[in-house]
Amino acid sequence: QMAIEQILDLEQLEENIYRGAVFSPESGFLHRTFGGHIAGQALVSAVRTVEPEYHVHSLHGYFLRPGDATKPAVYLVDRPRDGDSFCTRRVDAVQNGETIFSMGASFQVPQRGIEHQDAMPAVVPPDDLDPDAENGMAQFAEWDIRRVPRDLVTTLPGKASQQQVWFKHRDPMPDDPLLHICALAY
């Protein structure tokens with residue numbers, strides 16, 4: 001089993017080119033890659049190309065083909081814009097010469113502005129729920145995942161998909177906000 005820090009640690013091959021680790025089937029990983037694995041590594045590659053004062057603002061990812069967990073993914077980073085307040089990156093994850101994932105990410109220096117978000121719904125606290133005894137995949141063993149049973153979910157009108165899940169990493173992670181953001185993408 002690999003720690004999240006190992007999963008998200010990429011080898012830099014060249015400027016704007018990174019390679020992820022290979023996971024053998026014995027490590028508990030599937031033969032196909034988990035989407036969050038590729039998205040998390042793609043975000044790491046983008047983060048490594050921006051100055052530290054820029055924070056992840058948004059990202060959009062597109063899964064184009066299945067990935068093979070027994071082969072490394074190579075991440076090609078394009079730098080469309082570096083501005084004073086914002087910068088953007090495009091990342092393609094490639095295996096066997098084909099793009100398996102494409103991501104666009106925006107970064108911003110912290111600024112005051114309009115703030116908005118949906119209100120958090122009423123939800124059962126995590127301590128009132130049992131951890132998932134078996135979350136189905138060995139690569140998630142280091143995550144404490146607690147699903148709110150369907151009959152306890154407070155539904156919100158007008159929302160297409162409604163489920164409530166608490167999750168956190170079982171062990172303390174290094175004090176690195178960028179690692180935390182990339183782990184969230186994972």
Side-chain angles (χ1 to χ4, degrees), residues 1-10 20-21 23 27-47 54-67 69 73 75 89 91 93 100-108 110-186:
Q1 172 178 325
M2 295 184 75
I4 190 71
E5 300 92 59
Q6 292 173 294
I7 292 168
L8 296 176
D9 186 31
L10 304 179
F23 305 105
S27 68
F29 281 80
L30 303 173
H31 289 284
R32 282 194 170 173
T33 57
F34 162 63
H37 168 131
I38 296 295
Q41 288 186 342
L43 184 56
V44 168
S45 68
V47 163
Y54 289 90
H55 298 226
V56 178
H57 175 261
S58 70
L59 66 91
H60 302 273
Y62 303 92
F63 296 94
L64 306 172
R65 293 179 180 85
Y75 299 90
R89 297 294 183 261
V91 180
I100 62 170
F101 177 77
S102 184
M103 181 186 77
S106 174
F107 298 82
Q108 178 184 11
Q111 296 175 321
R112 300 270 316 148
I114 297 172
E115 296 183 21
H116 58 88
Q117 67 184 30
D118 291 340
M120 183 171 164
V123 64
V124 177
D127 292 341
D128 291 354
L129 300 168
D130 293 326
D132 282 1
E134 226 176 277
N135 58 35
M137 293 190 253
Q139 69 257 43
F140 297 120
E142 64 185 285
W143 296 91
D144 178 359
I145 301 172
R146 298 174 188 227
R147 300 172 204 274
V148 177
R150 196 55 132 170
D151 60 328
L152 298 178
V153 172
T154 302
T155 57
L156 300 172
K159 302 292 181 181
S161 176
Q162 300 191 43
Q163 66 175 337
Q164 295 174 341
V165 179
W166 292 100
F167 66 95
K168 69 175 183 175
H169 199 262
R170 292 187 191 280
D171 299 319
M173 293 177 60
D175 189 22
D176 177 359
L178 291 174
L179 175 63
H180 291 219
I181 292 289
C182 293
L184 182 59
Y186 172 85

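As the structure is a computational prediction, the values presented were derived from the model and not from experiment.
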Practice task
List the steps, then state whether side-chain contact (heavy atoms from CB on, under 4.5 Å) holds for H169 with W143.
Solution key: CA-CA 5 Å; H169 199 262; W143 296 91; 3.8 Å; yes

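We find the CD1-CD1 distance between I100 and I38 to be 4.0 Å, quoted to the nearest 0.5 Å. Separating the CZ atom in R170 from the NZ atom in K168 is a distance of 9.0 Å, to the nearest 0.5 Å. Atom CG of L8 sits about 7.5 Å away from atom CE of M173, to the nearest 0.5 Å. Here the straight-line distance linking atom CG of L179 with atom CG of D9 works out to 9.5 Å at 0.5 Å rounding. Between atom CZ of residue R147 and atom CD of residue Q163 there is a gap of 7.0 Å, rounded to the nearest 0.5 Å. Atom CD1 of residue I181 and atom CG of residue D176 lie 10.0 Å apart, to the nearest 0.5 angstrom.
Of all non-hydrogen atoms in I7 and Q41, the two that sit nearest each other are O-NE2, 2.6 Å. Here the closest non-hydrogen pair linking A42 and F101 is CB-CE2, 3.7 Å. Nearest heavy atoms, D144 versus P131: OD1-CB, 3.7 Å. Here the closest heavy-atom approach between residue V91 and residue S45 is recorded as CG1-OG, 3.5 Å. Taking each heavy atom of L10 and G20 in turn, the nearest pair found is CD2-CA, 3.6 Å. Of all non-hydrogen atoms in M103 and A39, the two that sit nearest each other are SD-O, 4.5 Å.
A donor-acceptor pair under 3.5 Å links the side-chain atoms of W166 to the main chain of V124, judged by distance alone. Of the possible donor and acceptor atoms, one in the side chain of R146 sits under 3.5 Å from a partner among the backbone N and O of P126. When atom types are taken as modelled, the side chain of H60 and the backbone of S102 share no donor-acceptor pair closer than 3.5 angstrom.
F107 is listed as a side-chain neighbour of V56, based on a closest heavy-atom distance under 4.5 Å.
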